[in-house]
Amino acid sequence: MNLSLSLLSDQFLLNFSYLWLIVIATTIGIIIGAMPGFGSANTIIMLLPFTLAVDVEVAMIFMVSLFVASHMGGGITSILLNIPGNGGSAATCLDGYPMARKGLGQQALVLSFVASTVGGMVTALMSIFLLPYIARLAFYMHSVEMVVILLFGITLIASVASDNMLKGLIAGFLGLLIGAIGADHIYSTPRGTFGFIELYDGVPLIAVLIGVFAISEALIMMESSSVLSDTGKQMMRQSGWKETWEGVVWSFQRTWHMIWTGIIGLIIGIVPGAGASIAAFVAYQQSRLYSKTPEKYGTGIPEGVIAPESANNGCASGDLIPLLVIGVPGGTTAAVMLIVMTYHGVQLGPRLFIQNPGIGYGVFITMLIAYAVMLFTTLPLTRWVSKLVLIPTPVLAPIIIAFTLVGAFAPRGYMFDLWLTLLFGAIGYVCRRTGFNVVALLIGVILGPMLEANVMRALRISGNDPWVFFSSPVGNILWAALAVSLAIPSIVQWRRNRAAARTATA
């Protein structure tokens, strides 16, 4: 794989000559990223005539810029409205929205943008220099290893349900049941479809995401005149450039936090099919696990915004590595890029870096420039974007419902999906009003089907031998890490109780 300074400088110059295109693509990406249902893959598919008509280098600059911007844009509505723009930003709601309700929406947006930029740029740089080595990780990640990685994410259900463990676990179990609807992954036996052919591929994630978050949140909003508390409203009205600077300072005080959670996103993104949702939830779970104040997670703290956003954008780099190195797309958008590159006659895999190294490395140079452009264009806007929460809820809620229903219809074009979204909206509303955690439900829906598919695949390959889950050295290391991560909170709590008892007796 030929990497030289002249190659990198040529790619920087090429990208700078198309800076105008990067600005347009990142603007589109941020907007569609903030709108539930309008993913980067759908947008690139709609713009296929453009990407097929121009040179492959130009097409890649446009697609990569739009792709990374959509990862960043998803955090905006998660923070301000408790409505994730995509699955990767769902974990951002946990602390981002509580910050916005306190009147710290501007700082939370800045935290999100800076964490996205640092996570994305660090992982893009790592990808450039370590591409031949980190790409090999994908070869060690099979069904057994994926089962353990998914269990890391699912254990977050217990964390987010800590206020009421029973209700949280019930919500998580309900999510797993919803995720099991559809034909099973090995024998294609339909389960829980009630005769609806639209459910044979499973419950569409967009319908669940929009229903339990957007529709239910809009219904909750309509019960009050504002999403902000009186204090929060006053703080938001008085907020100015000082709050933007405050958010920047908070971010860089947690630089190491942004880096290591971004690396989690990169590693998970390399695994084909894993995706940003897993990366964000696992990073949030690990961030909470190693925090000195885990009890503050979920109440609106900067680390709870930084971890999922950094991992979400770190995953963007990881998604593209298997596509470039072995020709296997890591996600839906990468699959669309594969189609475009194949149309232009680009041969993916190890030969790409011998025959056309400019495209292989140019992807990550585009990422670096796109993140820099986004940081400088979005930071000044946080002061005004954060004012969105000052709009009275009788005006805001109907707009949210209308836009998100269009988003629910767009991916498949079925009226059935609209009714399904409204049904999940009602379920989400009941869950919120009765204290059942909707995030736990969503984790079950997202991760459950992936866990089942990998468990079934591993058992099928091994002839239904359950010991297959402990047959891989990498898998066993991950099992040990999972056991340690589950034991640490109990050990830390035991030490705290012991220290408190000593203090009391002293």
Side-chain angles (χ1 to χ4, degrees), residues 68 71-72 74-75 86-92 94-96 111-112 114-127 130 133-138 140-141 145-157 159-160 251 254-291 294 297 301-322 330-331 367 371 443 446-447 450 474-475 477-486 488-489:
V68 297
H71 279 253
M72 182 188 271
N86 48 57
S89 56
T92 310
L94 289 166
D95 280 276
L111 284 166
S112 164
V114 176
S116 298
T117 302
V118 172
M121 291 182 93
V122 166
T123 52
L125 276 172
M126 288 180 69
S127 301
L130 301 174
Y133 309 103
I134 58 179
R136 293 178 190 169
L137 281 174
Y140 295 102
M141 294 294 173
E145 291 79 12
M146 278 300 295
V147 167
V148 193
I149 289 173
L150 287 162
L151 286 175
F152 267 102
I154 284 180
T155 55
L156 182 59
I157 290 176
S159 301
V160 300
S251 302
R254 296 159 178 84
T255 303
W256 175 238
H257 204 87
M258 290 189 275
I259 292 173
W260 74 262
T261 49
I263 292 172
I264 288 178
L266 173 68
I267 293 170
I268 293 177
I270 291 170
V271 182
S277 306
I278 300 175
F281 281 123
V282 170
Y284 186 90
Q285 185 257 1
Q286 291 296 299
S287 172
R288 187 180 188 276
L289 179 67
Y290 291 106
S291 170
Y297 276 69
I301 61 170
E303 289 82 357
V305 176
I306 286 172
E309 284 300 308
S310 183
N312 184 15
N313 287 272
C315 186
S317 303
D319 263 349
L320 299 180
I321 290 175
M367 278 188 171
Y371 276 115
I443 294 170
I446 291 176
L447 304 188
M450 294 185 193
V474 176
I477 293 170
L478 290 171
W479 276 118
L482 179 62
V484 169
S485 73
L486 291 174
I488 282 178

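Computed from heavy atoms alone, side chains included, the values below leave out hydrogens, waters and symmetry copies.
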Measuring from [X]:[atom1] to [Y]:[atom2], what's the distance to the nearest 0.5 Å?
X: I278; Y: L447; atom1: CD1; atom2: CG; value: 5.5 Å
X: I264; Y: Q285; atom1: CD1; atom2: CD; value: 8.5 Å
X: Y284; Y: T92; atom1: OH; atom2: OG1; value: 9.5 Å
X: T261; Y: Y290; atom1: OG1; atom2: OH; value: 13.5 Å
X: I259; Y: T255; atom1: CD1; atom2: OG1; value: 6.5 Å
X: D319; Y: L266; atom1: CG; atom2: CG; value: 10.0 Å

Locate the shortest heavy-atom distance separating [X] from [Y]; write the atom from each residue and the value.
X: G269; Y: C315; answer: CA-SG, 3.6 Å
X: G120; Y: S317; answer: O-OG, 3.8 Å
X: P294; Y: S291; answer: CD-O, 3.4 Å
X: V148; Y: G475; answer: CG2-O, 4.2 Å
X: I263; Y: T123; answer: N-CG2, 4.2 Å
X: Y371; Y: M121; answer: CB-CG, 3.7 Å

Is the shortest heavy-atom distance from the side chain of [X] to the side chain of [Y] under 4.5 Å?
X: L151; Y: V147; answer: yes
X: R254; Y: E303; answer: yes
X: T117; Y: M72; answer: yes
X: V68; Y: H71; answer: no

Does [X] have any side-chain hydrogen bond (donor to acceptor under 3.5 Å, both in side chains) partners at least two apart in sequence or in another chain, and if so, which?
X: E145; answer: S472
X: S116; answer: E309, N313
X: S287; answer: H257, Y297

Q: Mark yes or no for whether S310, through its side chain, and I306, through its backbone, hold a donor-acceptor pair below 3.5 Å.
A: no
Q) Would a distance-only check, ignoring hydrogens and angles, find a side-chain to backbone donor-acceptor pair under 3.5 Å from N312 to A280? A) no
